[in-house]
2 protein chains.
Amino acid sequence: MQASAELFRRNGYTGTGLKQITTEAQAPFGSLYHFFPGGKEQLGDEVIRSSGMLYTQLFDIYLTPAPDLVSGIESTFAGAGETLVETGYADACPIATVALEVASTNERLREATADVFTAWIDKGTETFARFGLSAEDARALTIAVVTSLEGAFVLCRSLRSTEPMAAASATVVARARELQAG
Amino acid sequence: MQASAELFRRNGYTGTGLKQITTEAQAPFGSLYHFFPGGKEQLGDEVIRSSGMLYTQLFDIYLTPAPDLVSGIESTFAGAGETLVETGYADACPIATVALEVASTNERLREATADVFTAWIDKGTETFARFGLSAEDARALTIAVVTSLEGAFVLCRSLRSTEPMAAASATVVARARELQAG
DNA sequence: GTCTATACAAAGATAGAC
DNA sequence: GTCTATCTTTGTATAGAC
């Protein structure tokens, strides 16, 4: 399950074989179908949900303890950039690659990714509201953070540079200042 | 080639079979290896570059003729949102899915996607500079546009909603205003 | 030179031995 | 109940008929 998340994140859903997963996890092949009778799709579903939900806590790590909105956003993007560099631009969003792969091809998995993004947005909205934003503005800013992060991951991983992460950070900060000014 | 681009965009690189491509294109299987001796990787390389470079002209369509920076950006995001809705959230960026899939698994294709993004950034920087921004600011704003679009595609396709596109648009507009004010 | 037919490996899935 | 061995399909790639 841990190994699956890692492989899906780096190689995608269609790019990861079940044999590869059991080999990596040092588990016998048959046991996979014991724990996941629904096969690859059930495994994918559960991996998306668990690894996605795990990321919800990043809001608590980076944003909740921040002294103000702007510094919270800046440290979030800085943290994402560091992770990218430390892992050789491999580890980024746990579900982005899979989300794009399945969006038009597998409805069950598409819904799983949608549920994860929805959870992130709800959590972020709640967190940003504590900084004095209206519910509407807090939601818009959260979506801005998530979309900018996701887009930055695409460009950073392709270009092997953190420049897009910095540009994305400055952009969201500008929006945060604008919303905070009212 | 046209059919390949369509399939790669919707199903990804690993998710698209060569037989699927020749069937869709109503071409005999053998002819694929006649035109692409390098097999799937060469085909992928050429599809990424050609479909990616084709998108460069979107800068000329949406941004160049715009009366000002903000309305140009707004019409770009609005256009992306319309395309998404019209195609049932299938067609978005021609290379995003593939870019994430190959970023850590296929160096040749990763470079192809990087070359495309670099071309977009250079083209956008040039376009934005005409609106009076410094080269540095024009580049930062271009990267903001591309990352926000890419991230919005991820969320919009997963959630089947254009809300992220609207949030991304407002965010980039805020940054554009900030840069223009100096 | 085009294309059909096939080779060979790897995919997902299952049956049956332990 | 766990896992090995196998089945079927699908993938990429190629050889050879026309």
Side-chain angles (χ1 to χ4, degrees), chain A residues 1-51 94-95 97-113, chain B residues 1-51 94-95 97-113:
Chain A
M1 189 79 169
Q2 193 88 20
S4 313
E6 194 74 9
L7 288 168
F8 281 152
R9 184 196 317 221
R10 301 196 183 196
N11 308 331
Y13 179 71
T14 52
T16 303
L18 294 183
K19 287 177 182 171
Q20 194 180 358
I21 290 173
T22 51
T23 302
E24 191 84 10
Q26 293 182 323
F29 187 77
S31 70
L32 193 150
Y33 280 89
H34 178 68
F35 294 109
F36 304 97
K40 191 178 187 181
E41 190 170 318
Q42 185 191 350
L43 173 64
D45 194 327
E46 294 191 22
V47 166
I48 289 166
R49 291 179 189 280
S50 68
S51 62
I95 66 163
T97 309
V98 178
L100 284 180
E101 282 182 286
V102 303
S104 304
T105 57
N106 187 314
E107 186 61 13
R108 177 181 176 182
L109 297 185
R110 195 221 102 223
E111 281 176 15
T113 64
Chain B
M1 190 80 170
Q2 193 89 19
S4 312
E6 194 75 9
L7 288 167
F8 282 151
R9 183 197 317 221
R10 302 196 184 196
N11 308 331
Y13 179 72
T14 52
T16 303
L18 294 183
K19 285 179 182 172
Q20 195 182 357
I21 289 173
T22 51
T23 302
E24 192 83 10
Q26 294 182 322
F29 188 76
S31 70
L32 193 150
Y33 280 88
H34 177 70
F35 294 108
F36 303 96
K40 192 180 187 180
E41 190 171 319
Q42 185 191 350
L43 174 64
D45 194 325
E46 294 193 20
V47 167
I48 289 166
R49 291 178 190 281
S50 67
S51 62
I95 67 163
T97 308
V98 177
L100 284 179
E101 281 183 288
V102 304
S104 304
T105 57
N106 187 315
E107 186 60 12
R108 176 180 176 183
L109 297 185
R110 195 221 102 224
E111 280 176 16
T113 64

Nearest to the side chain of B:F29 - C:dT14, C:dT4, D:dG1? C:dT4

Starting from C1' on C:dT14, measure out to NE2 on A:H34 and report it in whole angstrom. 15 Å

Starting at the 5' end of DNA chain C, which residue's closest nucleotide do you reach first, A:G30 or A:Q20? A:Q20

Main-chain N/O of B:P94 paired with B:S51 side-chain donor or acceptor, under 3.5 Å: no

Give a yes or no answer on whether the side chain of A:E41 reaches the backbone of A:R108 with a donor-acceptor pair at less than 3.5 Å. no

B:S31 has its side chain closest, among C:dC3, D:dG1, D:dC3, to C:dC3

Figure out the CG/C1' separation between B:L18 and C:dA9, and round it to whole Å. 14 Å

In whole angstrom, give the distance that lies between atom CD of A:E41 and atom P of C:dA11. 19 Å

Hey, does B:T16 reach any base, or is it just sugar-phosphate, or nothing, if we go heavy atoms under 4.0 Å? sugar-phosphate

Between C1' on C:dT14 and CG on A:L32, what's the gap in Å once rounded to a whole number? 13 Å

Would a distance-only check, ignoring hydrogens and angles, find a side-chain to backbone donor-acceptor pair under 3.5 Å from A:E101 to A:T14? yes

When rounded to whole Å, the CG to P distance for the pair B:L43 and D:dT12 reads 10 Å

Can you find a side-chain donor-acceptor pair between B:Q42 and B:E46 that sits under 3.5 Å? yes

May I have the distance from B:Q26 (atom CD) to C:dT4 (atom P), rounded to whole angstrom? 13 Å

Strictly below 4.0 Å: does B:Y33 bring a side-chain N or O up to OP1 or OP2 of D:dT14? no

Within this structure, what is the CG-to-P distance between A:N11 and C:dA10, rounded to whole angstrom? 16 Å

Counting only N and O atoms by type, is there a donor-acceptor contact under 3.5 Å from the side chain of A:E24 to the main-chain atoms of A:A3? no

Without decimals, in angstroms, what is the distance between A:K40 NZ and D:dT10 C1'? 12 Å

Of B:K19 and B:F35, the one whose closest nucleotide on DNA chain C sits nearer the 5' end is B:F35

